[in-house]
There are 2 protein chains.
Amino acid sequence: MRILLADDDDQLQRALRITLAARGYEVIAARDGAEAIDLAANAHPDLILLDLGMPRVDGLDVIRAVRAWSKVPILVLSGRTDSAEKVDALDAGADDYVTKPFAMDELLARIRARARSTSGEADAAAHAIGALTVDLAAKTIRSTDASGNATSVRLTPTEWRLLELFLKNPGKLLTRQMLLSEVWGPFHANDAGYLRLYVAQLRRKLEPTPSEPRFFLTEPGMGYRFEPGAVEAT
Amino acid sequence: MRILLADDDDQLQRALRITLAARGYEVIAARDGAEAIDLAANAHPDLILLDLGMPRVDGLDVIRAVRAWSKVPILVLSGRTDSAEKVDALDAGADDYVTKPFAMDELLARIRARARSTSGEADAAAHAIGALTVDLAAKTIRSTDASGNATSVRLTPTEWRLLELFLKNPGKLLTRQMLLSEVWGPFHANDAGYLRLYVAQLRRKLEPTPSEPRFFLTEPGMGYRFEPGAVEAT
DNA sequence: GCGGGGCGTTAGGGGTCCGTGAGGATCGGC
DNA sequence: GCCGATCCTCACGGACCCCTAACGCCCCGC
């Protein structure tokens with residue numbers, strides 16, 4: 001669980017970083033709006049804690065920029081208490097709004113609520129790809145082969161991000177644009193070459209016969225589709 | 001958009017009901033916790049506005065009961081301002097927590113934020129064409145045949161664009177001009193040959209007997225019409 | 001009965017997209 | 001500074017999709 005902490009208040013940022021790290025979150029920090037947008041695109045946070053009123057780029061513009069390509073939960077922190085400010089932020093795409101000063105345990109509870117809504121509990125369940133068992137949380141892939149061969153497959157970070165998208169959308173078509181935005185960020189929506197390469201990598205590592213894919217299917221002209229193996233009862 | 005309003009305060013409930021109805025929401029009301037659970041199960045609300053501290057059943061128990069089988073967004077209203085109460089409600093499964101008294105426009109913005117987060121799956125409504133089930137979002141067509149044959153139909157991108165237009169305008173006449181400009185762009189309004197070709201493709205792939213179309217009908221001299229299959233009782 | 005326009009169908013070519021392999025560039029660890 | 005892993009670039013062969021062209025059929029008007 002990676003949290004992007006965008007705040008220009010040194011003291012608050014340090015306090016939050018310590019508290020969040022103690023709860024097991026991985027924290028990455030941004031000092032202004034431009035840096036927040038950049039990190040949101042390239043560091044793949046699972047949640048964004050955004051302070052309105054940072055320098056260089058307005059907080060609302062940060063929300064709109066991120067929302068243009070990502071659905072990552074955005075939790076706004078702000079000292080402003082007037083409701084107009086809240087309405088603007090929420091309607092721009094923020095998911096929650098907390099006014100400073102706030103109680104730390106309440107903020108943590110709201111973070112958990114937002115994290116819960118996106119994880120979908122699907123992480124806990126082990127996904128099956130043919131004879132392989134994938135654990136997204138532990139980042140492990142083991143063979144459930146009856147012969148007891150403990151052949152473990154290793155994936156690179158980029159491969160994991162791609163695989164995660166496939167496993168979380170079984171049966172659904174994932175367009176090139178969507179995959180590229182989620183894995184490589186919104187500024188690489190045209191580099192279709194990346195996809196061909198890494199899909200080929202996944203197939204080579206996960207498909208029984210990579211030349212005839214059963215799970216990672218190509219939809220010509222549109223994108224790719226992960227088809228969970230039907231539980232055949234032979 | 002249907003909202004379940006669970007509150008035992010007559011005055012507040014009346015005010016909220018009027019305000020929400022004026023915004024185009026459909027409001028169903030519950031007077032206590034037991035009724036709220038009952039309506040949440042049977043009335044299929046898209047969002048729940050829940051007042052803690054209602055009689056008969058504790059608010060937290062309502063949250064837990066609903067969360068046992070549903071992911072519908074729950075927005076808690078409460079007069080209690082201590083953070084422990086908020087933490088308990090959020091961790092029980094609530095998605096947001098607003099303390100009374102609250103600004104009405106802020107509440108409405110938070111409702112919109114919650115509605116936005118779930119609307120993604122709403123338009124994934126499955127359309128039916130005879131024995132086939134079409135999912136426009138996932139780009140899948142599966143056979144709901146009773147014999148259990150999971151024959152899936154594959155469509156090309158152009159076929160999908162055309163089918164999407166038909167499914168979104170059931171029963172309506174679609175002129176050649178409209179179809180051509182939507183699928184092939186405004187500069188191909190005269191290439192009627194495209195249409196004949198691709199309508200034939202759709203019929204071949206989707207009609208039970210392509211030579212006698214039941215769903216994709218020709219209106220001579222004008223265009224085409226998609227007639228959703230009436231549930232025949234033969 | 002006759003001719004014409006619109007519609008359905010089929011086959012084939014051109015172009016775009018996809019799969020694959022090798023090689024260079026970059027980053028972090030030792 | 002060396003080394004390994006990971007990421008990206010580039011080029012080529014092949015598959016698939018889209019479009020073009022032609023033919024047969026039905027309906028309609030004359």
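Chain letters run A, B, ... following the sequence lines, proteins first, then strands; residues in each count from 1.
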How would you list, by chain and number, every residue that makes a side-chain hydrogen bond (donor to acceptor under 3.5 Å, both in side chains) with B:Arg154, sequence neighbours excluded?
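With neighbours one apart ignored, the set is empty.
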
Listed pairs, N/O of protein and of nucleotides 13-16 of chain C, under 3.5 Å:
none

Partners meeting salt bridge (Lys or Arg N to Asp or Glu O under 4.0 Å) with A:Asp61 (sequence neighbours left out):
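A:Asp61: salt bridge (Lys or Arg N to Asp or Glu O under 4.0 Å) contacts with A:Arg64.
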
I'd like to check the salt bridge (Lys or Arg N to Asp or Glu O under 4.0 Å) partners of A:Asp32; sequence neighbours left out, ordered by chain and number.
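A:Arg56.
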
Looking at every strand, decide which applies to B:Gly221 at a 4.0 Å heavy-atom threshold: base, sugar-phosphate, or nothing.
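Answer is sugar-phosphate: B:Gly221 comes under 4.0 Å of backbone atoms only.
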
Sidechain-backbone polar pair: B:Arg204 side chain, B:Thr209 backbone, donor-acceptor under 3.5 Å:
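Looks like no, no N/O pair under 3.5 Å.
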
Short question: side chain of A:Glu207, backbone of A:Phe215 - any donor-acceptor pair under 3.5 Å?
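Flag set: sc A:Glu207 to bb A:Phe215 pair under 3.5 Å.
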
Check this for me: does any side-chain nitrogen of one of [X] and [Y] sit under 4.0 Å from a carboxylate oxygen of the other?
{"X": "A:Arg14", "Y": "A:Asp7", "answer": "no"}
{"X": "A:Lys100", "Y": "A:Asp51", "answer": "yes"}
{"X": "B:Lys139", "Y": "A:Glu219", "answer": "no"}
{"X": "A:Arg31", "Y": "A:Asp10", "answer": "yes"}

Among residues at least two apart in sequence or on other chains, which ones pass ring-ring contact (aromatic ring centres under 6.0 Å, His included) with [X]?
{"X": "A:Tyr97", "answer": "none"}
{"X": "A:Tyr25", "answer": "none"}
{"X": "B:Tyr224", "answer": "none"}
{"X": "A:Trp184", "answer": "A:Tyr194, A:Tyr198"}

In whole Å, I'd like the distance from the CD atom of B:Glu219 to the P atom of C:dG6.
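Checked: the CD to P distance equals 17 Å.
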
Let me know the distance between CG of B:Leu202 and C1' of C:dT9, rounded to the nearest Å.
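Spelled out: CG on B:Leu202 to C1' on C:dT9 is 15 Å.
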
Heavy-atom count check: over 12 atoms from other residues, nucleotides or ligands less than 6.0 Å from B:Met222 CE?
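Open: at most 12 neighbouring heavy atoms sit under 6.0 Å from CE of B:Met222.
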
Mind telling me whether B:Phe166 and B:Phe226 have parallel, tilted or perpendicular rings, with 30° and 60° as the class edges?
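Rings of B:Phe226 and B:Phe166: tilted, 30 to 60°.
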
Base contacts versus sugar-phosphate-only contacts with protein, heavy atoms under 4.0 Å: please encode nucleotides 19-30 of chain C as B, S and - from 5' to 3'.
B-----------

Can you list, by residue number, the residues of residues 158-185 of chain B that have a non-hydrogen atom closer than 4.0 angstrom to DNA chain D?
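Output list: B:Thr158, B:Trp184.
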
Range on DNA chain D touched by chain A - first to last nucleotide, heavy-atom distance under 4.0 Å
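Contacts span D:dT6 to D:dC17, reading 5' to 3'.
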
To 10°, what angle do the rotation axes through the five end pairs on each side of the helix from C:dG1-D:dC30 to C:dC30-D:dG1 form?
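Answer for the end axes of this duplex: 30°.
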
